[in-house]
Structures are given as C-alpha cells and as structure tokens.
Amino acid sequence: LTVNASLLQIGGTSQTANQIAYNGTNSEADQAGVFIGGRNGRPAVGVTIRGNSLHDDDGVGIDLGRRHPNPAFSVFIVDGVTANDCLDGDFGPNLLQNYPLLFEPTENGNGGTTITGYLRGAPAQEFQLDFYSNPTADPSGYGEGAVYIGSKLIRTSGNGFTTFTHTISGSFLNITATATDSFGNTSEFSCVAGQCTDPVRTIEEAEDVLATSICAEGIVVNITTDESDIDLDDELCDINTVEPGLQCSLRAAIEEAER
C-alpha cells in the first residue's frame, strides 16, 4: 500500500481497521505494508495508521520513505527502518516521526502484561502509543503489527522525552508499538520489545540517564525583549504560553539555563 497524499487515515478504530498483508511481490514500493512517500518533492504528512493488522509483508510494516538521492528525481523511495533522531526535528514523510523504544515486557500475577519504555519526540507534545503483538518477529527486528492490543496517551517533557508504563490484560508475543503525534503523523513500528534499548535496559535507567544527558536541546534566543520565563518548571524557554511557538528572551534563556 503506497500513500503519496497527506492528511489520510488508515484504520483508527475496530470498525475501520484493515488487514494489510503479503505485500512485496509486485514492485519495490510495495515491499512495506504501508509505504508513505510524497509527490513533486513534497512528503506526505498527517497520515494516521492505527489499529490495523499488518503482517507477512516482505518489508517492514510501515516505511517512512526518503527523497531519491538523485535530485533530478522528485520522488520518495523505500529505505527500510529509519533511525530515531534527537527531538524529532527532521523533515520527511510523516515528519519521520520517532517510534517508541520498548523494554522487555513482564507478565504479572493477575494475567496481565506490563509494557515499559520511552519516547523521544517533539518537546511538550502529546502522542498516542499503539501496541501490537506478533506471532513471530519480523526479520529486521523491527515490527509489523499483527494484532492490535491497546493504546496509551503520553506527553513529552520540554526536553522531548518521556517514559511510560502500560499494562494490558493477557499474554503476548513479540510486542511492538507506534507513536502518533497530535497532527496525525504515525511512526514506523518499533523494534520488538526488549531487543533494541541500549544503552539502557529499564525505565529507571532511562529516567536517570536519558532524560537529561543525551538529548538536551540548546536554548535559542529568538526575541529581543527582556521578559522572564513564564514557567521554569516546564523545561521550556518561553515568556508567553498563550501565543503559539516558543518565545525566548535572553533573560528567560539565562533563567532556564540556571534552573
């Protein structure tokens, strides 16, 4: 399934979910379950993919493509798993939305499975995490999503980081997840839970090590006024939370840096 248009929804509820499977026999663009590209050099964005059953595709379940390396071609091509980036500020299909990182799940005594992990994304934004199980792991180590098993709403800090814990009734194999931002951009599938979480292995390690040290963003002064930061507890340099976007004065930047 190839998507080159923006602002589309594929699935989303049990009534509208789709089965997307066995792609990869006709052309390169069909290798993924869903390939998100673009047209005329403009990437497709706002493509929401939630609650579907994606399985047995030759490529990954969801592939956020990249521009053709030859600038003469204004098309997007399949490129497999796209690595996450700090603060998710890159540009491409679905804004190359970062996927979650999942730790090894645990089964608790009352028949439930607890999933923990973390997400690096745009700062101070809400994301819907969707979780899936799979009878077998994809050869790439990253997911497809054969059976939708639940969702959780999370919000990142001003440093673009959050951990999460979610318990689902039942026992599940090869759990994967996607993240969808408030604008409808769905990520690729995560790595299978417990397989790709170096350099940390637990939610406690993530909160101790990653939340502050690895992905800190430089403070950018972008206005010439001298107001103070309106809220030092939100980890954002901003003198006005009513207006959209960050408005960071020199005074506010100093206050935030010394916080």
Side-chain angles (χ1 to χ4, degrees), residues 10-14 17 20 33-34 48-55 60-62 64 81-84 88 94 97-122 125-157 159-182 184-211 214-215:
I10 302 171
T13 68
S14 59
I20 302 171
V34 179
T48 303
I49 308 168
R50 301 187 60 199
N52 302 285
S53 173
L54 290 97
H55 61 90
V60 294
I62 300 171
L64 307 183
V81 177
T82 301
N84 282 345
D88 207 12
N94 266 8
Q97 169 61 50
N98 284 354
Y99 44 80
L101 276 294
L102 307 182
F103 299 120
E104 188 73 34
T106 58
E107 294 187 10
N108 53 47
N110 60 3
T113 299
T114 297
I115 305 165
T116 58
Y118 66 90
L119 176 71
R120 286 203 186 283
Q125 297 292 323
E126 289 188 342
F127 297 86
Q128 284 282 355
L129 303 184
D130 294 322
F131 301 97
Y132 301 82
S133 69
N134 299 270
T136 59
D138 187 85
S140 69
Y142 288 75
E144 294 196 76
V147 180
Y148 167 73
I149 57 177
S151 299
K152 183 178 181 66
L153 179 66
I154 62 172
R155 182 177 177 85
T156 55
S157 68
N159 194 38
F161 178 84
T162 188
T163 58
F164 56 84
T165 299
H166 188 55
T167 299
I168 303 172
S169 179
S171 178
F172 304 99
L173 297 173
N174 303 305
I175 296 172
T176 57
T178 60
T180 301
D181 69 12
S182 57
N185 296 294
T186 297
S187 71
E188 297 179 348
F189 281 98
S190 71
C191 190
V192 173
Q195 301 302 307
C196 304
T197 53
D198 288 335
V200 295
R201 290 290 183 179
T202 67
I203 196 168
E204 291 79 15
E205 290 179 3
E207 291 172 345
D208 288 343
V209 177
L210 299 180
I214 291 181
C215 202

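Side chains included, hydrogens not; waters and symmetry mates left out as well; all remaining heavy atoms used.
- Legend: residues meeting salt bridge (charged side-chain N to carboxylate O under 4.0 Å, His left out) with Asp138, ordered by chain and number and at least two apart, are absent.
- Judged by distance alone, the side chain of Asn134 and the main-chain N or O of Ala146 form a donor-acceptor pair under 3.5 Å.
- Donor-acceptor pairing under 3.5 Å is recorded for the side chains of Thr167 and Thr114.
- Contact of the Val34 side chain with the Ile20 side chain is registered, since non-hydrogen atoms from C-beta on lie closer than 4.5 Å.
- Side-chain N or O atoms of Thr156 include one that pairs as donor or acceptor with a backbone N or O of Gln125 at under 3.5 Å.
- Minimum interatomic distance between Asn174 and Pro135 (heavy atoms only, all atoms of both residues): ND2-O, 3.4 Å.
- Rounding to the nearest 0.5 Å gives a distance of 5.5 Å between CD of Glu126 and CZ of Arg155.
- Looking at Gln195, its side chain never comes within 3.5 Å of a backbone N or O of Cys191 through a donor-acceptor pair.
- Between Ala193 and Pro105, the shortest heavy-atom distance links the atoms CB-CD, 3.7 Å.
- In this structure, CG in Leu129 is found 8.0 Å from OG in Ser151, a value given to the nearest 0.5 Å.
- At least one donor-acceptor pair under 3.5 Å links the side chain of Ser190 to the backbone N or O of Ala177.
- Checking Thr82 against Glu188 by side-chain atom types alone, a donor-acceptor pair falls below 3.5 Å.
- For the atom pair CG (Asn98) and CG (Leu119), the distance works out to 6.5 Å, reported to the nearest 0.5 Å.
- The distance between the ring centers of Phe161 and Tyr118 falls below 6.0 angstrom.
- Taking CG of Asp181 as the reference point, atom CG of Asn94 lies at 8.0 Å (rounded to 0.5 Å).
- Residues Phe127 and Ser182 form no side-chain contact, since every pair of their non-hydrogen atoms from C-beta on lies 4.5 Å or further apart.
- Tyr99 and Tyr142 have their aromatic ring centers within a separation under 6.0 angstrom.
- No side-chain donor from either of Gln128 and Thr180 sits under 3.5 Å from a side-chain acceptor of the other.
- By the 4.5 Å heavy-atom criterion applied to side chains, Ile49 and Phe189 are not counted as neighbours.
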side-chain contact (heavy atoms from CB on, under 4.5 Å) between Thr106 and Asn108, intermediate numbers included: CA-CA 6 Å; Thr106 58; Asn108 53 47; 6.0 Å; no
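- The line from CG of Asn185 to OG1 of Thr48 is 7.0 Å long, rounded to the nearest 0.5 Å.
- Atom-to-atom distance recorded for Thr176:OG1 and Ile115:CD1 is 9.0 Å, nearest 0.5 angstrom.
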Check against side chain to side chain donor-acceptor pair (under 3.5 Å), Glu107 and Thr113: CA-CA 4 Å; Glu107 294 187 10; Thr113 299; 4.8 Å; no
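- Listed here is the closest heavy atom pair of Asp130 and Arg50: OD2-NE, 2.7 Å.
- Put simply, the side chain of Ile10 reaches to within 4.5 Å of the side chain of Asn52, judged on heavy atoms.
- The minimum heavy-atom distance between Ile149 and Ser133, with the atom names listed, is CG2-OG, 4.0 Å.
- Residues Tyr132 and Gly145 approach most closely at CB-CA, 3.6 Å, considering heavy atoms.
- Contact annotation: the side chain of Leu102 never approaches that of Thr116 to less than 4.5 Å [non-hydrogen atoms, C-beta and beyond].
- Nearest approach of Ile203 to Thr165, heavy atoms of both residues: CD1-OG1, 3.5 Å.
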